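Only one structure is covered here, and it is reproduced in the block below.
Excluded from the calculations below are hydrogen atoms, water molecules and symmetry mates; all remaining heavy atoms, backbone and side chain alike, are included. All of these numbers come straight from a predicted model, not from anything done at the bench. Order of the sequence lines fixes the chain letters, A, B, ..., with proteins taken first and strands second; residue numbering starts at 1 for each chain.
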Protein chains: 2
Amino acid sequence: MSTAEETAGGETSAWGEVTPDAARRLLIAAVEAFAERGYHATTTRDIAGRAGMSPAALYIHYKTKEELLHRISRIGHEKALEILRTASRREGTAAERLADAVSSFVRWHAGGRTTARVVQYELDSLGPDARAEILALRRQCDAEVRGIIEDGVAAGEFDVLDVKGTTLAVLSLCIDVARWFSVDGPWTPDEVGALYADLVLRMVGAK
Amino acid sequence: MSTAEETAGGETSAWGEVTPDAARRLLIAAVEAFAERGYHATTTRDIAGRAGMSPAALYIHYKTKEELLHRISRIGHEKALEILRTASRREGTAAERLADAVSSFVRWHAGGRTTARVVQYELDSLGPDARAEILALRRQCDAEVRGIIEDGVAAGEFDVLDVKGTTLAVLSLCIDVARWFSVDGPWTPDEVGALYADLVLRMVGAK
DNA sequence: GCCGAAGGTGAGCGGGCGCTTAGCGTGGCC
DNA sequence: GGCCACGCTAAGCGCCCGCTCACCTTCGGC
């Protein structure tokens, strides 16, 4: 199955910081299961089974099923923020930085859509405290993109009616890639990234 | 709670065709519960309770919990298709028709986000047959929007690199409104509709 | 060679799930 | 007034859920 290969392959690097090995295997198994079926439809027995362990083994490394989702969500959001921050802080015009931010953010959502789906769509399954923590990271993502657009407007590069609304629309467009993208579809992550960078530059009226 | 008011008020009209009354109350209760908690996290006891009935009453009107989701999904998609079709077939330039389609489609996703959330995000919880039926409706929605964009390109009104990809992006942008829109936020559905119509016209390079 | 810590297992608990069934009240029809 | 069809409820079945616990290995330090 493509999801397993992908998560076991390229995506796994993102989880390198998780130790010990058994805890990482469980986390990766949980990402796959949550992405396929959703958090509530996934059983702890399924997660443990995918990691090649007994159901009880999960509770040696994680207190609850929700802690797994919380850890996945935080690591994923930190990665997303890092991507946007890198693009935002590079040298270049606002248009170049925005195109870079959008294309790399979209590539992440398309290529790592297993992770991105969990990160973007299972937020409501977290408890209040964990959700608040993740929402703070999300606002930082928002601020990075808004910063680039504000720079472009200030420099006369962009022509935008509503900076806040346009920022939201740009992020929304990128995030929804995780919902519809499929490796069986006609596009590669790179192609979608390039197409979307062009569309977003049009949205902000780049000269 | 705003969701209850909204569904009991303006949105209810959409369910007028559902009879008898008890079946309609159960359907509306299910829409609210699925939108708040997700399909898998919603119990049949919760649905029946919201409709003011005992758990067993649900099974007089619906064979299974999944049948409720199926019915909601089909009615919702038919409504979405009708909105796009109306805009697509009106008189006017391609730009006017596209702006109309986007603004009314977005208004529906924002104003009726309780319904829209279920319709757009709970598709995977349906069984294979029901999902296939709904996906056919979704492809028809896609075709309506693509038709307008193709008309605009043919008439020299639009400047689009990738018609299929741009169509997908436009629909994706509109659909994701159901994920983030909140009545407590700074915009009304009308304002988001107008903003998005402008953004989409920019995306297709309308003259 | 013994020991304790770390990491794992099999069995199973309390509970809530989707759904069923036996029976009850009630309104329309003759 | 007698009767039945319909809409509904109270009770509960069988199942599987998240999670626990008693016990079992393995292995480095001495």
Inset, instruction - Check for a donor-acceptor pair, side chain of B/His61 on one end and backbone N or O of B/Ala57 on the other, with a separation under 3.5 Å. - result: no
Inset, instruction - Using modelled atom types only, decide if a donor and an acceptor are shared between the side chain of B/Ser104 and the backbone of B/Ala101 within a distance under 3.5 Å. - result: yes
Legend entry - Bending between helix ends of the helix from C/dG1-D/dC30 to C/dC30-D/dG1 [5 pairs per end, 10° resolution]: 10°
Legend entry - Salt-bridge criterion met for B/Asp46 and B/Arg50 (N-O under 4.0 Å): yes
Inset, instruction - At the 4.0 Å heavy-atom cut-off to chain A, mark where contacts on DNA chain C begin and end, going 5' to 3'. - result: C/dG8 to C/dG12
Inset, instruction - Say whether, by atom type as modelled, one donor and one acceptor occur between the side chain of B/Arg117 and the main chain of B/Ala178 under 3.5 angstrom. - result: yes
Legend entry - Under 3.5 Å: donor-acceptor pair, side chain of A/Asp176, backbone of A/Arg179: no
Inset, instruction - Measure from the side-chain N and O atoms of B/Arg37 to the backbone N and O of B/Thr42, and report whether any donor-acceptor pair falls under 3.5 Å. - result: no
Less than 3.5 Å apart, which donor and acceptor atoms pair up between the side chains of residues 66-73 of chain B and the rest of the protein, not counting sequence neighbours?
unit_1, atom_1, unit_2, atom_2, d
B/Glu66, OE2, B/Gly127, N, 2.8
B/Glu67, OE1, B/Lys63, N, 2.7
B/Glu67, OE2, B/Arg71, NH1, 2.9
B/His70, NE2, B/Glu133, OE1, 2.9

Inset, instruction - Let me have a per-nucleotide readout for nucleotides 10-26 of chain D, 5' to 3', with B, S or -, counting only protein heavy atoms under 4.0 Å. - result: B-B----BBBBB-----
Legend entry - Listed once per pair and sorted, the ring pair (Phe, Tyr, Trp, His ring centres under 6.0 Å) pairs that draw on residues 26-53 of chain A, sequence neighbours left out: A/Phe34-A/Tyr39
Inset, instruction - Could you tell me how the ring of A/Tyr121 sits relative to the ring of B/Tyr121: parallel (under 30°), tilted (30 to 60°) or perpendicular (over 60°)? - result: tilted
Inset, instruction - Name all residues meeting the side-chain contact (heavy atoms from CB on, under 4.5 Å) criterion together with B/Ala48; count only those two or more places apart in sequence or in a different chain, and write none if there are none. - result: none
